[in-house]
Visitor: 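So that we are looking at the same thing, I have put the structure below in structure tokens.
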Amino acid sequence: MRRIPSIGLVSLGCPKALVDSEQIITQLRAEGYLISPSYDDADLVVVNTCGFIDSAVQESLDAIGEALAENGKVIVTGCLGAKEQGDFVRQAHPKVLAVTGAHARDEVMQHVHTALPKPHDPFVDLVPPAGIKLTPKHYAYLKISEGCNHRCTFCIIPSMRGDLVSRPIHEVLREAENLARAGVKELLVISQDTSAYGVDVKYKTGFHNGRPVRTRMTELCEELGKLGIWVRLHYVYPYPHVDEVIPLMAQGKILPYLDIPFQHASQRVLKLMKRPANSANVLERIQAWRAACPDLVIRSTFIVGFPGETEADFEELLAFLDEAQLDRVGCFTYSPVDGATANDLPDPVPTGVAEERKRRFMEKQAAISAARLQARIGREVTVLVDEIDDEGAVARSWADAPEIDGLVYFDPAPGTAPGDLVRVRITDADEHDLWAEQV
């Protein structure tokens with residue numbers, strides 16, 4: 001019998017890139033290719049790259065080099081592949097078979113077909129309707145759009161992934177239903193700008209199961225809220241219509257959790273960043289959101305040391321933290337990404353000053369996070385179990401997205417398994433995590 005060709009895949013970067021990898025693997029399996037966990041057993045290797053910051057670029061180049069050394073046949077895809085129309089990768093690794101940009105499943109498949117002809121009829125269904133996922137069985141990322149219409153001066157994502165392109169609403173909802181039927185307990189809604197879903201198609205009305213549904217974030221959340229599973233929103237810009245989803249959170253239809261990348265609080269710095277936000281309005285809206293939905297958890301990211309940031313700007317950011325009382329916060333010092341227009345701004349902040357500001361920022365936020373977690377001691381909450389190990393159960397509450405937020409630790413009752421939703425009582429907390437007992 002003819003040997004079935006096998007493909008290896010290395011996936012780097014953000015959850016959006018992970019979804020691209022899932023789509024590539026799903027198509028490979030649908031066409032009958034095997035997926036190899038090692039270089040030795042693979043006939044070729046696909047490397048899905050990241051190119052956002054310098055360290056990610058180097059990690060991607062190293063991964064390509066390792067795949068070439070260990071296997072010899074490599075197809076490169078992802079954000080780094082879009083840099084200089086692929087020439088950046090080819091100059092570093094001229095022996096790669098092909099280079100594509102991001103969200104290029106069909107183009108990747110064409111290159112795979114050239115190197116390894118399809119083993120059988122592609123219409124034979126070898127995969128479940130939900131596709132093949134690289135996440136644990138109980139949660140999955142649901143990507144609703146590609147690209148971004150913003151032109152933030154520190155970011156080069158639009159040059160890699162293009163302008164906003166929203167997926168058809170019926171396609172998104174069909175995927176969500178398939179995932180729920182497959183046993184997924186949590187959907188993590190992702191995109192480059194979730195709030196902008198449908199802007200590019202003027203919020204056109206689509207049809208799902210014979211019903212009209214607008215291509216818009218609010219209507220999407222209403223439909224997802226009918227699935228009876230956790231729905232978590234990521235990468236939400238604070239547009240006015242975000243107010244419309246807060247009642248859905250208060251009603252328990254979607255998780256009371258917002259991932260909003262504020263990036264800064266100084267209006268002057270936000271203008272230099274070309275960010276669509278006003279810190280005074282943001283504080284008012286956070287108060288209104290929490291009044292409507294007291295359990296709302298807000299996570300965000302900020303950049304310190306941005307070109308032109310003064311000590312006064314930074315102090316304004318610290319004051320914002322005190323006022324906003326955000327639950328989960330990440331902080332990065334400005335990185336001069338190749339191709340970002342912010343690199344041309346005057347008055348760069350010395351590295352030492354930026355690092356010192358980051359330290360002060362995280363010190364203040366750690367105290368805020370610790371206090372907010374301490375306030376949960378004594379509460380009973382539902383948690384989603386991620387794993388069971390020798391020390392007990394590792395779980396997450398509504399406040400915790402996988403891999404970026406905190407965890408809840410407890411001794412599980414007999415029979416408790418990963419993917420279970422269980423009730424626990426919070427007994428202790430630190431700056432990031434919670435400890436509990438099952439009830």
Side-chain angles (χ1 to χ4, degrees), residues 9-19 21-22 25-26 29 35-38 48 127-128 130-143 175-176 178-190 224 227-234 254-257 259 295 297 299 327-330 369-370 372-373 376-377 379-439:
L9 186 137
V10 177
S11 185
L12 306 173
C14 67
K16 292 176 286 299
L18 183 73
V19 171
S21 295
E22 290 172 341
I25 286 183
T26 297
R29 287 296 296 124
I35 306 301
S36 173
S38 68
N48 191 0
V127 296
I132 296 174
K133 295 297 178 182
L134 300 178
T135 49
K137 292 180 180 179
H138 57 277
Y139 71 82
Y141 294 99
L142 180 68
K143 184 162 61 172
E175 180 180 349
N178 287 336
L179 288 167
R181 290 193 193 102
V184 166
K185 302 290 182 61
E186 178 182 13
L187 289 178
L188 301 108
V189 179
I190 60 170
L224 294 176
L227 296 175
I229 60 178
W230 283 10
V231 176
R232 190 184 301 276
L233 301 181
H234 285 279
I254 63 175
L255 292 180
Y257 179 101
D259 175 5
D295 277 340
V297 162
R299 105 169 307 278
D327 300 88
R328 306 289 193 186
V329 172
S369 297
R372 294 190 69 81
L373 290 178
R376 293 193 200 148
I377 294 177
R379 285 191 59 180
E380 285 190 14
V381 300
T382 298
V383 297
L384 180 61
V385 179
D386 278 337
E387 61 178 293
I388 307 283
D389 59 26
D390 293 340
E391 297 182 2
V394 182
R396 293 178 291 108
S397 72
W398 87 95
D400 310 306
E403 299 187 358
I404 56 174
D405 292 327
L407 298 168
V408 181
Y409 300 97
F410 66 96
D411 290 327
T416 303
D420 286 350
L421 287 164
V422 301
R423 293 289 287 179
V424 300
R425 183 181 296 108
I426 306 303
T427 58
D428 199 2
D430 63 14
E431 295 174 1
H432 306 288
D433 303 319
L434 297 169
W435 284 260
E437 57 186 14
Q438 191 166 347
V439 296

Visitor: Could you check L188, I254, I190 and say which one makes a side-chain contact (heavy atoms from CB on, under 4.5 Å) with L233?
Guide: I254

Visitor: Output yes when a side-chain donor or acceptor of R423 lies under 3.5 Å from a complementary backbone atom of E380, and no otherwise.
Guide: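 Pair found, side chain donor or acceptor close to backbone of E380.
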
Visitor: Determine, for D405 against R396, whether the closest basic-nitrogen to carboxylate-oxygen distance falls under 4.0 angstrom.
Guide: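 A salt bridge is absent here (no side-chain N lies under 4.0 Å from a carboxylate O).
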
Visitor: In Å and rounded to the nearest 0.5 Å, what is the CG to CG distance from L179 to L187?
Guide: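 The CG atom of L179 sits 6.0 Å away from the CG atom of L187.
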
Visitor: Hey, does the side chain of S369 reach the backbone of D327 with a donor-acceptor pair shorter than 3.5 angstrom?
Guide: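 The answer is yes, because a donor-acceptor pair under 3.5 Å joins these two groups.
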
Visitor: Answer yes or no: is there a donor N or O on one side and an acceptor on the other, between the side chain of K143 and the main chain of K16, under 3.5 Å?
Guide: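 Checking the backbone N and O of K16 against the side chain of K143, a donor-acceptor pair under 3.5 Å is found.
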
Visitor: In the structure I gave you, are the side-chain heavy atoms of T135 and L18 within less than 4.5 Å of one another anywhere?
Guide: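 In short, these two side chains touch, coming nearer than 4.5 Å.
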
Visitor: As an exercise, state the distance from OG of S11 to CG of N48, rounded to the nearest 0.5 Å.
Guide: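 Output value for this atom pair is 5.0 Å.
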
Visitor: Salt bridge check: are D259 and R328 linked by an N-O gap of less than 4.0 Å?
Guide: no

Visitor: Using side-chain heavy atoms (C-beta onward) and a distance below 4.5 Å, is F410 in contact with L434?
Guide: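 Side-chain contact under 4.5 Å: no.
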
Visitor: When you measure from the side chain of E186 to the backbone N and O of W230, does any donor-acceptor pair fall under 3.5 Å?
Guide: no

Visitor: Taking the side chain as everything from C-beta on, heavy atoms only, tell me whether Y141 gets closer than 4.5 Å to C14.
Guide: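 In short, these two side chains do not touch, never coming nearer than 4.5 Å.
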
Visitor: Return yes if some donor-acceptor pair links the side-chain N/O of D433 with the main-chain N/O of Y409 below 3.5 Å, else return no.
Guide: no

Visitor: Hey, what do you get for CG (D411) to CD1 (I388), rounding to the nearest 0.5 Å?
Guide: 10.0 Å

Visitor: So, taking the atom named CD1 in I426 and the one named CD1 in I377, what distance separates them when rounded to the nearest 0.5 Å?
Guide: 8.5 Å

Visitor: NE2 of H432 to CG of L407: how many Å apart, nearest 0.5 Å?
Guide: 11.0 Å

Visitor: Quick one: are Q438 and V385 in side-chain contact, heavy atoms under 4.5 Å?
Guide: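 Side-chain contact under 4.5 Å: no.
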
Visitor: What's the verdict on side chain to side chain contact (heavy atoms under 4.5 Å, CB included) for E22 and I25, showing C-alpha distance, side-chain angles and the deciding distance?
Guide: CA-CA 5 Å; E22 290 172 341; I25 286 183; 5.9 Å; no

Visitor: Which atom names give the shortest non-hydrogen contact between H234 and A401, and what distance separates them?
Guide: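 Looking at all heavy atoms of both residues, the shortest contact is CE1-CB, 3.6 Å.
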
Visitor: At what distance, to the nearest 0.5 angstrom, does NE2 of H138 lie from CG of D420?
Guide: 9.5 Å

Visitor: Could you tell me whether a side-chain N or O of R232 sits under 3.5 Å from a main-chain N or O of D400, the two making a donor and an acceptor?
Guide: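 Checking the backbone N and O of D400 against the side chain of R232, a donor-acceptor pair under 3.5 Å is found.
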
Visitor: Under 4.5 Å between any side-chain heavy atoms of L373 and R376, yes or no?
Guide: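 Yes, at least one pair of side-chain atoms sits under 4.5 Å.
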
Visitor: Answer yes or no: is there a side-chain heavy-atom contact under 4.5 Å between V297 and R372?
Guide: no

